[in-house]
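First the structure, in the form of structure tokens, and then the observations on it.
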Amino acid sequence: MPDTLTTPAVAPPVVRKPRKWLRRFAFLAVVLVALAWFAPTLLVKTGLLNTVVAKATGKLNGTLTVGGASLGWFSPVVLHDVKLTDAKGQAVLSARTVESSRSLLSLARSQADLGTFTIDGPQVDIVAEKQETNLEDVLANYLNNTSPSTGPRPSVGVKVTNGTLTVRDAEQNRTWTVQS
């Protein structure tokens with residue numbers, strides 16, 4: 001028998017396909033970034049805005065509603081048709097617009113200084129009765145906060161334009177009105 005040397009067959013070079021998990025991770029990352037980018041718009045367009053407002057103002061003895069909003073990461077927050085009612089459903093405040101001086105991104109990054117909020121066209125109706133007002137009733141849970149503080153309160157400025165303040169004394173049936 002002849003002695004033959006057999007040479008092993010040379011295997012073709014292995015072409016590595018991208019791993020499925022890497023492609024899936026990249027796809028998921030793109031989807032998450034897109035959701036984060038469009039979150040403000042989705043919040044406004046899907047009707048979730050008042051749900052978020054209700055969660056954020058859950059301690060109110062009343063209701064805060066927002067008719068619409070303009071939200072973007074790099075633009076000021078603008079709320080339209082803002083209404084605050086007391087527990088009885090009586091209007092305490094209504095405003096055409098409330099606009100922040102800071103962008104949504106800067107508000108999300110730091111709550112220590114909320115900037116200035118400009119309230120345009122507010123109609124404030126305060127009713128004084130039995131040594132208290134309807135506004136105090138609405139804000140009672142915030143004013144009587146006895147829980148330990150988690151730190152300093154954020155600084156915030158408020159600017160009012162084209163507003164009307166009406167104060168009514170329910171016991172003596174007297175009314176005062178101030179316009180700006």
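- Atom NZ in K83 sits 11.0 Å away from atom CD in Q123 (nearest 0.5 Å).
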- Item | Residue pair L93, T85: steps toward the side chain to side chain contact (heavy atoms under 4.5 Å, CB included) verdict | CA-CA 7 Å; L93 175 136; T85 57; over 6 Å; no
- Task: For the pair T63 and L84, evaluate side chain to side chain contact (heavy atoms under 4.5 Å, CB included) and give the outcome as yes or no after the intermediate values.
- Result: CA-CA 6 Å; T63 306; L84 176 64; over 6 Å; no
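- Using a 4.5 Å heavy-atom threshold, the side chains of E132 and D137 count as touching.
- Residues T161 and S180 form no side-chain contact, since every pair of their non-hydrogen atoms from C-beta on lies 4.5 Å or further apart.
- Hydrophobic clustering (ILVMFWY, side-chain heavy atoms < 4.5 Å, transitive): V66 and V98 are in one cluster.
- Side chains of T177 and L165 form no contact here, defined as non-hydrogen atoms less than 4.5 Å apart.
- By the criterion of side-chain heavy atoms lying less than 4.5 angstrom apart, applied directly or through intervening Ile, Leu, Val, Met, Phe, Trp or Tyr residues, L60 is grouped together with V158 in one hydrophobic cluster.
- Contact of the S100 side chain with the L107 side chain is registered, since non-hydrogen atoms from C-beta on lie closer than 4.5 Å.
- Counting only heavy atoms from C-beta outward, the side chains of V82 and L64 approach each other to under 4.5 Å.
- Listed for the D120 side chain is no donor-acceptor partner under 3.5 Å among the backbone atoms of G163.
- Note: D86 CG to N61 CG = 9.5 Å, rounded to the nearest 0.5 Å.
- Between D125 and N134, the shortest heavy-atom distance links the atoms O-ND2, 3.1 Å.
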- Message: Before you tell me yes or no, could you show the steps for V124 and T164 under side chain to side chain contact (heavy atoms under 4.5 Å, CB included), namely the whole-Å CA-CA distance, both residues' side-chain angles and the distance that decides it to 0.1 Å?
- Response: CA-CA 6 Å; V124 181; T164 302; over 6 Å; no
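- Here the side chains of V78 and H80 are in contact, with some heavy-atom distance below 4.5 Å.
- Side-chain heavy atoms closer than 4.5 Å link hydrophobic residues (I, L, V, M, F, W, Y) into clusters, and following such links, even through other members, never connects L32 to F27.
- Counting only N and O atoms by type, the side chains of T65 and N50 include no donor and acceptor under 3.5 Å apart.
- Under a hydrophobic clustering in which Ile, Leu, Val, Met, Phe, Trp and Tyr are joined whenever their side-chain heavy atoms come within less than 4.5 Å, directly or via other members, V33 and L42 fall into different clusters.
- F25 and V31 are not part of a single hydrophobic cluster, where members link through side-chain heavy atoms under 4.5 Å apart.
- Using a 4.0 Å cut-off between a side-chain N of Lys or Arg and a carboxylate O of Asp or Glu, R96 and D81 do not qualify as a salt bridge.
- Take Q172 and apply the side chain to side chain donor-acceptor pair (under 3.5 Å) test, not counting sequence neighbours, and it matches R174.
- Remark: side-chain polar atoms of D169 are not paired, donor with acceptor, to backbone N or O of N173 under 3.5 angstrom.
- Side chain of W73 to backbone of S103: no donor-acceptor contact under 3.5 angstrom is found.
- Between T166 and W176, the closest side-chain pair of non-hydrogen atoms is not below 4.5 Å.
- A donor-acceptor pair under 3.5 Å is formed between the side chain of N141 and the backbone N or O of K59.
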- Item | Stepwise side chain to side chain contact (heavy atoms under 4.5 Å, CB included) test for L79 and V77 | CA-CA 7 Å; L79 306 176; V77 174; 4.1 Å; yes
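- Within 6.0 Å of atom CD in E171, more than 12 heavy atoms from other residues, nucleotides or ligands are found, so the atom counts as buried in its surroundings.
- Using a 4.5 Å heavy-atom threshold, the side chains of P122 and V160 count as touching.
- Heavy atoms only, all atoms of each residue included: P40 and G72 are closest at CB-N, 4.2 Å.
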